[in-house]
Protein chains: 2
Amino acid sequence: MRPASIVDGVHERIYERLMSLEIPPGARLPIDGLARELDVSQTPVREALARLEREGLVRKAHLIGYSAAPQLTHKQFDDLYKFRLMVEPESARQACLNLTPELLHRLELSAADMEKGEQPVDRNSRYSRFARADAQFHEEILKIADNETVRQALTDQHVHLHIFRLMFHSRVTQEALEEHERLLEAFRAGDADAAHAAMHDHIARSRDRLAAAFE
Amino acid sequence: MRPASIVDGVHERIYERLMSLEIPPGARLPIDGLARELDVSQTPVREALARLEREGLVRKAHLIGYSAAPQLTHKQFDDLYKFRLMVEPESARQACLNLTPELLHRLELSAADMEKGEQPVDRNSRYSRFARADAQFHEEILKIADNETVRQALTDQHVHLHIFRLMFHSRVTQEALEEHERLLEAFRAGDADAAHAAMHDHIARSRDRLAAAFE
DNA sequence: AAATGCAATATCATATACGATATGGTCTTG
DNA sequence: CAAGACCATATCGTATATGATATTGCATTT
């Protein structure tokens with residue numbers, strides 16, 4: 001039985017606060033303040049913040065301190081989606097080629113999670129659940145594509161975290177579910193080109209839906 | 001004058017030791033050992049190692065410690081090049097569209113650096129110089145493509161570091177220079193599709209040249 | 001001789017301490 | 001009254017100390 005390290009716990013708790021916008025973009029993150037609040041010493045807080053910095057979720061200014069990363073700019077948003085379009089459709093194609101009935105089944109389950117699931121109690125938890133499920137679905141496809149480098153690169157960009165923060169106040173549409181369904185159809189048919197196209201279409205539409213958040 | 005932080009210095013010095021294979025893949029990296037050796041306390045060493053861990057250059061085992069990341073496996077190598085092929089040719093195309101005479105000029109200079117330059121004193125420094133210049137050239141193109149997300153994602157994969165470690169004992173060919181030249185020709189002509197093709201070709205050939213390192 | 005248990009050592013994880021620097025408000029001065 | 005100097009506080013960056021855990025080697029036993 002290993003005692004999970006304090007650093008991991010601190011990292012996770014700060015991550016959640018950032019994700020839930022409890023710590024808003026730009027807010028300061030004083031080390032000893034967090035240490036007192038989480039009832040640990042400064043050392044693990046320091047290390048957790050260093051990790052979050054490398055992940056791009058917080059920024060550090062020498063002799064000034066850490067602060068939560070600002071919201072995505074329009075350009076960063078564009079860049080992020082261009083990146084996804086370079087990588088994810090191709091990964092969907094590859095996933096299609098690697099697909100086994102068992103893997104497909106797991107993917108279907110993952111997609112189903114998004115539609116049903118317990119009714120949310122409030123706006124916040126609902127969006128959170130949706131974002132989590134969507135991230136899970138895309139993640140599943142990347143795992144099937146079996147390219148750890150690509151998966152890591154996307155994970156490092158924290159696509160879904162940023163998107164969640166953006167869509168926090170926007171509407172969750174039924175469209176995304178339908179697009180996922182079209183992707184699944186391509187997978188079921190074993191049509192790699194169709195999977196590529198469906199993923200491309202899905203991401204482009206997702207981009208256009210979210211672009212409204214900048215108006 | 002800025003008081004460069006000790007953490008930065010420690011990070012850099014360890015990075016160089018990893019890059020130069022002075023610390024071989026798999027070697028242990030004891031915190032207090034490094035602290036004594038570099039004549040600093042453990043705290044900055046800890047933070048530097050945490051950064052290197054996020055960068056994928058060292059691994060950490062809870063209650064055991066840090067160690068240098070192992071060499072790329074054949075699969076990781078394949079994945080890395082598949083990733084590059086998804087991203088860099090498209091970036092070359094975009095760079096071509098963004099190109100101005102001034103930017104092209106800088107790129108030409110960058111490419112020229114690779115060919116001439118002072119004669120190396122030994123194998124090690126020669127490869128190091130080549131690897132650095134090659135990294136610089138590709139980096140320059142990504143900057144022109146002006147997609148910071150993509151650039152960061154590639155940087156995070158430490159493509160050129162891994163490649164250098166692989167090619168440490170292999171031959172540096174003239175071919176790479178010729179491929180860069182073909183890329184430049186496409187840029188000069190303003191032919192985005194040709195730039196895409198040339199970059200694709202260059203990376204695929206680079207992959208095939210290095211694949212020998214696994215035999 | 002091989003295996004097992006135990007002690008010694010190396011190393012980590014965390015806590016705490018302290019000097020250094022930035023920031024913000026107040027006070028002085030022109 | 002405005003502008004600049006100065007001090008107090010917050011916070012960082014680094015160092016050091018301490019308890020906990022893993023690893024290693026040796027002794028003991030079978």
Side-chain angles (χ1 to χ4, degrees), chain A residues 1-71, chain B residues 1-18 21-71:
Chain A
M1 195 58 74
R2 64 146 180 272
S5 87
I6 293 187
V7 172
D8 290 341
V10 171
H11 177 272
E12 194 172 340
R13 290 177 70 179
I14 298 177
Y15 185 94
E16 276 169 11
R17 292 188 186 193
L18 291 169
M19 179 76 171
S20 69
L21 293 180
E22 179 186 334
I23 299 174
R28 292 286 299 274
L29 295 171
I31 290 177
D32 59 353
L34 286 168
R36 268 195 296 275
E37 199 169 345
L38 303 178
D39 198 36
V40 296
S41 83
Q42 295 184 14
T43 311
V45 173
R46 225 169 255 296
E47 204 155 321
L49 285 173
R51 272 160 66 173
L52 288 166
E53 186 200 4
R54 272 310 299 174
E55 294 170 32
L57 301 183
V58 306
R59 301 184 177 286
K60 171 173 140 178
H62 188 48
L63 294 178
I64 291 181
Y66 290 94
S67 55
Q71 285 277 30
Chain B
M1 71 167 54
R2 61 144 180 272
S5 88
I6 292 187
V7 172
D8 290 341
V10 171
H11 176 272
E12 193 172 342
R13 290 177 70 177
I14 298 177
Y15 184 95
E16 275 169 11
R17 291 190 188 193
L18 291 168
L21 292 181
E22 180 187 333
I23 298 174
R28 292 285 299 274
L29 295 171
I31 290 176
D32 59 354
L34 285 168
R36 268 194 297 275
E37 199 170 345
L38 302 179
D39 198 36
V40 296
S41 82
Q42 295 182 14
T43 312
V45 173
R46 199 174 280 288
E47 206 156 319
L49 285 174
R51 272 160 66 172
L52 288 165
E53 186 199 4
R54 258 318 285 175
E55 295 170 34
L57 301 183
V58 306
R59 301 183 178 285
K60 172 173 141 180
H62 186 48
L63 294 177
I64 291 181
Y66 290 94
S67 56
Q71 285 277 28

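Predicted, not measured: the structure shown is a model, and the values here were computed from it. Letters A, B, ... are given to chains in the order of the sequence lines, protein chains preceding strands, and every chain is numbered from 1.
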Just the rounded figure in Å: distance from [atom2] of [N] to [atom1] of [X].
| X | N | atom1 | atom2 | result |
| --- | --- | --- | --- | --- |
| B:I6 | C:dG19 | CD1 | P | 16 Å |
| B:L49 | C:dT11 | CG | P | 14 Å |
| A:D8 | C:dA13 | CG | P | 10 Å |
| A:D32 | D:dT9 | CG | C1' | 12 Å |
| B:L29 | C:dT11 | CG | C1' | 13 Å |
| A:I64 | D:dC12 | CD1 | P | 10 Å |
| A:R36 | C:dT14 | CZ | P | 19 Å |
| A:E37 | D:dT11 | CD | P | 12 Å |

Just call it for B:L34: base, sugar-phosphate, or nothing, with non-hydrogen atoms closer than 4.0 Å on any strand.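 No contact at all - B:L34 keeps every heavy atom at 4.0 Å or more from the nucleic acid.
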
Is there side-chain contact between [X] and [Y], with heavy atoms separated by less than 4.5 Å?
| X | Y | value |
| --- | --- | --- |
| B:K60 | B:L49 | no |
| B:R51 | B:V7 | yes |
| A:V45 | A:L29 | no |

Regarding B:R17 and B:E37, does a basic nitrogen lie under 4.0 Å from an acidic carboxylate oxygen?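 Yes, B:R17 and B:E37 are salt-bridged.
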
Can you figure out which of [options] approaches the side chain of [X] most closely?
| X | options | result |
| --- | --- | --- |
| B:P30 | C:dT11, C:dA13, D:dT14 | C:dT11 |
| A:L63 | C:dA15, D:dT14, C:dA22 | C:dA22 |
| B:V40 | D:dA15, D:dT11, C:dT14 | D:dA15 |
| A:V7 | C:dT14, D:dA22, D:dC12 | C:dT14 |

Less than 4.0 angstrom between a side-chain N/O of B:H62 and OP1 or OP2 of C:dA13, yes or no?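 True: B:H62 side-chain N/O within range (under 4.0 Å) of C:dA13 OP1/OP2.
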
Of A:Q42 and B:Y66, the one whose closest DNA chain C nucleotide lies more 5':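 It is B:Y66, whose closest nucleotide lies nearer the 5' terminus.
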
Could you tell me whether the side chain of B:T43 has a donor or acceptor atom within less than 3.5 Å of a complementary atom in the base of D:dA15?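 Answer is yes: a donor-acceptor pair is held.
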
A:S41 pairs by side-chain contact (heavy atoms from CB on, under 4.5 Å) with which of A:L38, A:T43, A:D39?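 For A:S41, the side-chain contact (heavy atoms from CB on, under 4.5 Å) check succeeds only for A:T43.
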
